[in-house]
K.L.:
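Below you'll find the structure I mean.
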Amino acid sequence: MAGNNLTEVTLFILSGFANHPELRVGLFLMFLLIYLFTVLGNLGLIVLIRISSQLHTPMYFFLSNLAFIDIFYSSTVTPKALVNFQSQQKTISFVACFVQMYFFVGLVCSECFLLGSMAYDRYVVIRNPLLYPVIMSQKVCNWLGVLPYAIGFTNSLVSVCVISSLAFCDSSIRHFFCDTTALLALSCADAFRTEMVIFVLAGITLLSSLLLITVTYTAIISAILRIQSAAGRQKAFSTCASHLMGVTIFYGSLIFTYLQPDNTSSLTQAQVASVFYTIVIPMLNPLIYSLRNKDVKNALLRVIRRKPLS
């Protein structure tokens, strides 16, 4: 579009799933139920960790941070999507769109590195169980908890700055939220440089955090194999199984969505994958980390039994 005819975009239209109006009611109910389970499940986990003294350990400190992130990054997307499913005008202002993108990208990147902190915590408890309270001191836990947010929101700030500086020829975002790839597709001019910046940022975030987790789990497996008894090896592996499952699901959906050479040609696939990691995974995490966890189940039983007495 010529510079003289360029109109400044002040509103965006979130047209994700607009081609399937027959699914509107079903999607609304699905998103609503999953969101309620997400908020209640993660909030319940945070409260349980807070009130149960036996869960005041580094592992559950990181798990409560994960639950916090899951609540809020799901909340940046789902409520607006629910409103749009029931509205004819699926608009979002320019500022609100980039605010949504800032918090969403920042929280997702934070989760990537928080999973790395959790992997390191599991390594220490298996490799040096006697020194675990000393190595994972409150100061170390605080640093490992704060750094993921600092890195994540710095990454997000750069992404928002480079994308918001583009000129947009279209206001219809082919997604149900303001995602980076969907916004890049609306650029008037050749956005190759911006796409490369976003691709590099996403690649560095995903691959560096995944490399950290891979190296840590290699060391964990090596430590487990050196344990003499089969019961000891099984107990050590069980402490990592839930985290490993959560990492596999989370990173699998992110890599499928973002690390593609040409994201603009696969926005429909990106929408489906985005539903999984924005809506479903935050709901699954409390189940993944609690159903196989005896400490959480025992703490919950103690709270339930104590409540009638009080």
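Because only heavy atoms are used, hydrogens play no part in the values below, and waters and symmetry mates are left out as well, while side chains stay in. Every value quoted in this text rests on a predicted model; they were computed, and no experiment measured them.
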K.L.:
Please evaluate residues F85 and F176 with respect to the criterion ring pair (Phe, Tyr, Trp, His ring centres under 6.0 Å), reporting the C-alpha separation (whole Å), side-chain torsions for both, the decisive distance (0.1 Å), and the verdict.
P.N.:
CA-CA 9 Å; F85 284 137; F176 62 92; 7.7 Å; no

K.L.:
Table please: side-chain donor-acceptor pairs of residues 98-114 below 3.5 Å, with sequence neighbours left out.
P.N.:
residue	atom	partner	partner atom	Å
Q100	OE1	C178	N	2.9
Q100	NE2	T76	O	2.8
S110	OG	G106	O	2.6
S110	OG	P148	O	3.3

K.L.:
Got a sec: does the CZ of F28 have more than 12 other heavy atoms crowding it under 6.0 Å?
P.N.:
yes

K.L.:
Cut-off 3.5 Å, side chains only: do Y123 and N128 have a donor facing an acceptor?
P.N.:
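Short answer, no.
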
K.L.:
Between S75 and Y35, is any side-chain donor less than 3.5 angstrom from a side-chain acceptor?
P.N.:
yes

K.L.:
For atom CD of Q89, is the number of surrounding heavy atoms from other residues, nucleotides or ligands below 6.0 Å larger than 12?
P.N.:
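Not buried by this count: 12 neighbours or fewer within 6.0 Å.
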
K.L.:
Answer with yes or no whether the side chains of S15 and S172 bring together a donor and an acceptor at under 3.5 Å.
P.N.:
yes

K.L.:
In Å, rounded to the nearest 0.5 Å, how long is the span from OG1 of T194 to CG of L183?
P.N.:
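So the OG1 of T194 and the CG of L183 are separated by 11.5 Å.
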
K.L.:
Any donor and acceptor pair, going by atom type alone, linking the side chain of S165 with main-chain N or O of V162 inside 3.5 Å?
P.N.:
yes

K.L.:
If we count only N and O atoms by modelled type, under 3.5 Å, do the side chains of Y132 and T57 hold a donor and an acceptor together?
P.N.:
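Side chains of Y132 and T57: no pair found under 3.5 Å.
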
K.L.:
Looking at every non-hydrogen atom in both residues, tell me the closest pair between T38 and P282 and how far apart they are.
P.N.:
CG2-CB, 3.6 Å

K.L.:
About how many Å separate CG of L284 and CZ of F276, when rounded to the nearest 0.5 Å?
P.N.:
6.0 Å

K.L.:
Identify the heavy atoms of S159 and L201 that sit nearest to each other, and give their distance.
P.N.:
OG-CD1, 3.5 Å

K.L.:
Show, in sequence, the C-alpha distance, side-chain angles and deciding distance for F12 and F94, and conclude whether the ring pair (Phe, Tyr, Trp, His ring centres under 6.0 Å) test is met.
P.N.:
CA-CA 6 Å; F12 289 109; F94 184 92; 5.8 Å; yes

K.L.:
Is it true that I13 and V77 fall in one hydrophobic cluster, defined by side-chain heavy atoms closer than 4.5 Å?
P.N.:
no

K.L.:
What do the steps show when you test L206 against L210 for side chain to side chain contact (heavy atoms under 4.5 Å, CB included), and what is the final call?
P.N.:
CA-CA 6 Å; L206 288 175; L210 190 56; 5.8 Å; no

K.L.:
Using a 3.5 Å distance criterion without hydrogens, assess whether the side chain of H56 forms a donor-acceptor pair with backbone atoms of I49.
P.N.:
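Indeed, once roles are kept as given, a pair shorter than 3.5 Å links the two residues.
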
K.L.:
Throw together a table of side-chain donor-acceptor distances under 3.5 angstrom for residues 139-147, partners on residues two or more places apart or in other chains.
P.N.:
residue	atom	partner	partner atom	Å
N142	OD1	Q138	NE2	3.0
N142	ND2	Q138	O	3.2

K.L.:
Hey, is the main chain of K90 close enough, under 3.5 Å, to the side chain of S87 for a donor-acceptor pair?
P.N.:
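Checking the backbone N and O of K90 against the side chain of S87, no donor-acceptor pair under 3.5 Å is found.
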
K.L.:
Whether the side chain of S222 engages the backbone of T218 through a donor-acceptor N/O pair (distance < 3.5 Å, no angle test) should be reported.
P.N.:
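Checked: no pair found.
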
K.L.:
Considering residues, nucleotides and ligands other than R226, do more than 12 of their heavy atoms fall under 6.0 Å from its CZ?
P.N.:
yes

K.L.:
Using modelled atom types only, decide if a donor and an acceptor are shared between the side chain of S253 and the backbone of F250 within a distance under 3.5 Å.
P.N.:
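A pair under 3.5 Å: yes.
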
K.L.:
Do any N or O atoms from the side chain of N298 and from the backbone of K294 form a donor-acceptor pair under 3.5 angstrom?
P.N.:
yes

K.L.:
Hey, is the main chain of F61 close enough, under 3.5 Å, to the side chain of N65 for a donor-acceptor pair?
P.N.:
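Judged by distance alone, yes, a pair lies under 3.5 Å.
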
K.L.:
Inspect the surroundings of CD in Q54 and state if more than 12 heavy atoms from other residues, nucleotides or ligands are less than 6.0 Å away.
P.N.:
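Check passes, neighbour count above 12.
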
K.L.:
Let me confirm one number: the CD1-CG distance from I163 to D179, rounded to the nearest 0.5 Å.
P.N.:
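I163 atom CD1 to D179 atom CG measures 8.5 Å (nearest 0.5 Å).
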
K.L.:
Between R233 (side chain) and I224 (backbone), is there a donor-acceptor pair under 3.5 Å?
P.N.:
no

